[in-house]
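Have a look at the structure below, then the notes.
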Amino acid sequence: MKANDIREEFLSFFRSKEHTIVPSAPMVIKNDPTLMFTNAGMNQFKDIFLGNQPASHKRIANSQKCLRVSGKHNDLEEVGLDTYHHTMFEMLGNWSFGDYFKKEAIEWAWEFLTVVLGIPVERIYATVFEGDAEQDVPRDDEAAGFWKSCFREAENHIIDGSKKDNFWEMGDTGPCGPCSEIHVDLRSDSERAEKPGHLMVNTGHPLVIEIWNLVFIQYNRRAGGELELLPEKHVDTGMGFERLCMVIQNKKSNYDTDIFQPLIAASARVTGKPYGENNEWDTAHRVIADHLRTVAFSVADGQLPSNNRAGYVIRRILRRAVRYGYTSLGMREPFMYSLLPTLTETMGGHYPELAAQEGIITRVIREEEQAFLRTLGKGLRMIEQKVKALKQSGGTRFPGSDAFELFDTYGFPVDLTQLILRENSMTLDEEAFRAELNVQKNRSRDDAAVSAEDWVVLEEAESTLFTGYDRTEDNIRIVRYRRVISRGKETFHLVFDRTPFYAESGGQTGDKGYITSEDEKIRITDTVRENNLIIHFAGQLPKKPSAGFRAVVDSSARRDTARNHTATHLMHHALREVLGSHVEQKGSLVTPERLRFDFSHFRQVTPEEIAAVEEKVNEMIMNNIPSEVHDDTPVNEALAMGAIALFGEKYGEKVRVVSFGDSVELCGGTHVSDTGSIGLFKIISEGAVAAGVRRIEAVTGSGALAYLNGKLNKLNEITAMLRSTGDPVANISKLLAENSSLRQTIERMQNSAAAEAGRRLAAGAVTAGSCRIYSGLLDATTAEILRNIAHQIRESDSSSIIIIGTADEGKASMVIGLGDKAAGTTGLNAVEMIKAVAADISGGGGGQPLLATAGGKKPGGLSDAIAKAVEMVRKVL
RNA sequence: GGGGAUUUAGCUCAGUUGGUCAGAGCACCUGCCUUGCACGCAGGGGGUCAAGGGUUCGACUCCCUUAAUCUCCA
């Protein structure tokens, strides 16, 4: 059975059990500071389990794309080395929210595996929670009982498991419960006869594996650690799709299934290194296949590789694959992007976002590959230098600090460093390297240490009511608060029963403002959303938190933000009209000051196109289109209205639709009521942000006016300075031409003046011993010309001693120069001389032994200084 | 969020305790020689040394602030 069929069988099986099939949530998580990626099928239902949100359906099933880069089975550096680690995987899951429980969950799992998929019963094992006396939790006899009726007499296929394997918890507190894992024994008959499967479960054998975990959520763990029974019990299951396919397709490795084989075959073809012939090549192919999948899906979800947080994780994964291609397969040019059509072919059916964005994903990956190959090239040059130096000094032990610098500052992978060292019969001081790495880790950890104290709950409230769409002030009560210490600074997080403050979301920044009661006023510096809570940041805690407060949003900032947000929608619409419908939003930032919009487009946006977009948006502003907002619109209805939805964005069942004429978007942000109040829209920059992604920044309203006025004022100033009513452009180009010819003239004149001054000096030069002293006070010359003159004389007369000075606008400059021969015979040093006489002009000086300069504030002292220096020369002659 | 690095001509980059130091190669322009696959020779144009402050007689160079990019860690 093909992988795509297996997935379909799963979904249709649970559809037949009255489950609603929902699409996979995006793999990249946007609005949860605690989690960057979806790492389990249940993530998107977290709020339901926490009781923050009612379930839309009692029974749900889906296939969820997940990403894990750390954890016991998913350490990034392990992927590819063996046959079962992955960064990205799919998890098949079925859920019951207060509906069916252990009996159905177990029976259906059994039915699906043994009847639908036909896995031999004698190869299946199930584990149940053995109980925990300390917590006073009994063995899960209930689950064991249902398993018994499945396995019948084969009772040794039911195995007790410890708290570690068979008790699932969401976090330190919250919903939890016992679970039952289903394991499959894929070993050969002879091996199984030798050592029965029930002894092999959970021993880490690659062919005796867990494929499905059924979690029975029946407890809530309170902050004190004690468990309480939940009134509503839930089922949460997760089955590793890749493993299941390996079982069904009778393979020894996930990578041998038809999920990965096409990719691996393509990789083998492109690199010319067949799979299955060479261990090193095979590892590289597995790494490439796994990582390409992860990166492609992330980009499809709108997460581009970047240099921090989630984007950085993606970049690191891609680079790891490039590294394997580079060292193991000898690939020196980008190639992974060319495997994308194969991926789309195998997975694009179930995940349409892949096919829809193939073009941009390809470009992004190719660009990233190129960028990393450049980084590698630079690193290679640096390490070669260091190796050469070490070789010359006869050493063979490469310092750990150097390797760390290459790695930390220039991103040069340490395993590549080791490879190169081996080729040069050198070794790396690994201990020193690791020590440096640890220093860096500790520093980062210390910095990141934020201690959030427990919430102080004043009132129980499920979620905050946002009232800010139609008002900027409201009467509120604080329902909970907590103290947060971050880098020695104390802040407070406040949660209200209702709030007019908009929490940062959808690119729009959080509101600022204050809350006030009868006798105090507290500033709110930012507002963010954490799951279902709207958190207000405050520098201090009210003296009486339980008092009622008036919450007041900075309404002028809010109005500016609304102008920019609406303008963003209008521009998005205009961009699609001007450039084409391939324009997809890739990112957005809306602040009171400006708006920034990233979108997919493959060429530079020409000035003409920019102008056209601006014109369209301003036209929509002048037409004063009223806003139309529909709250709680079902998703499909919204899409039918032509609303633009974003890939990689998770929408609930009901969405908010914001439209201005033809611009229709799903959006939770705050907007103006009529486009006319935007006033004016002006694009201030356009540029590239990644391959196939452009960025536009723009301003509106008073910001746009200020921008234009600034430009106009500059132009007015220029025109005024030109004292001409003519075209300033023509005037300036004329000026520039004049300027350049004048500069040449001046240069010539200065040269001849310097030559003339030199001649005069030469005429007045005094022969003293074997040297000639050129001394004197020149006028109206800069220090630079003085230097030039001295230099010229030095060059033409190696027996010269030059001591000259000039006064310029109350400042005195002096230069002392020595010809090569003069310096040799007298043993004089220009630096010492100039320092000795600089005091006479109240200044200081220095330079090189043969040519030194000085400057001071007392031009009157110049003649004395020169005389003194001449005196010094005469003394040694 | 923290550490490190980078920012110099259109491009790729040199620039040594602060002082004839604003450079090279490629590209461009002109002329000559040649007609050809990176031709050669001679000459030339092109710079806010990322931005803004500061120290100094003097700053590409030292200090501070800011920005962008790269990179590692969280």
So which nucleotide does [N] pair with, by the Watson-Crick or G-U wobble rule with both distances under 3.5 Å?
{"N": "B:A59", "value": "none"}
{"N": "B:U65", "value": "B:A51"}
{"N": "B:G40", "value": "B:C32"}
{"N": "B:C21", "value": "none"}

Heavy atoms from C-beta onward define the side chain here; which of [options] lies closest to that of [X]?
{"X": "A:Tyr312", "options": "B:G3, B:U20, B:C73", "value": "B:C73"}
{"X": "A:His791", "options": "B:C72, B:A74, B:U20", "value": "B:U20"}
{"X": "A:Lys441", "options": "B:G2, B:G4, B:C73", "value": "B:C73"}
{"X": "A:Gln848", "options": "B:G19, B:C72, B:A5", "value": "B:G19"}
{"X": "A:Tyr410", "options": "B:G3, B:A5, B:U20", "value": "B:A5"}

**Study point:** Value in whole Å for how far the P atom of B:A67 lies from CZ of A:Arg596
**Key:** 13 Å
Review point. What is the ring orientation for A:Phe404 with A:Phe433, classed by angle as parallel under 30°, tilted 30 to 60°, or perpendicular over 60°?
Key: perpendicular
Check your understanding: A:Asn442 or A:Ala854: which one's nearest nucleotide on RNA chain B is closer to the 5' end?
Key -> A:Ala854
Revision key, fill the gap. Heavy-atom nearest nucleotide on RNA chain B taken for A:Gly411 and for A:Arg787; more 5' hit belongs to A:Arg787
Review point. So, for A:Phe372 and A:Tyr326, is the gap between ring centers shorter than 6.0 Å?
Key: no
Practice item. Assign A:Gln440 to base, sugar-phosphate, or nothing according to its heavy-atom contacts below 4.0 angstrom with the strands shown. Key: base
Check your understanding: NA contact type, A:Arg315, heavy-atom cut-off 4.0 Å: base, sugar-phosphate, or nothing?
Key -> sugar-phosphate
Review point. Going by atom types alone, do A:Thr509 and A:Thr591 pair a side-chain donor with an acceptor below 3.5 Å?
Key: no
**Study point:** A:Thr527 versus A:Asp511, side-chain donor and acceptor atoms under 3.5 Å
**Key:** no
Check your understanding: Between A:Glu405 and A:Lys386, is the closest basic N to carboxylate O distance under 4.0 Å?
Key -> yes
Exercise for review: Considering only NZ, NE, NH1 and NH2 on the basic side and carboxylate oxygens on the acidic side, decide whether A:Glu504 and A:Arg529 come within less than 4.0 Å.
Suggested key: no
**Study point:** Any donor-acceptor N/O pair under 3.5 Å between B:G19 base and A:Thr853 side chain
**Key:** yes
**Study point:** Proximity to RNA chain B (any heavy atom under 4.0 Å), residues of residues 832-843 of chain A only
**Key:** none
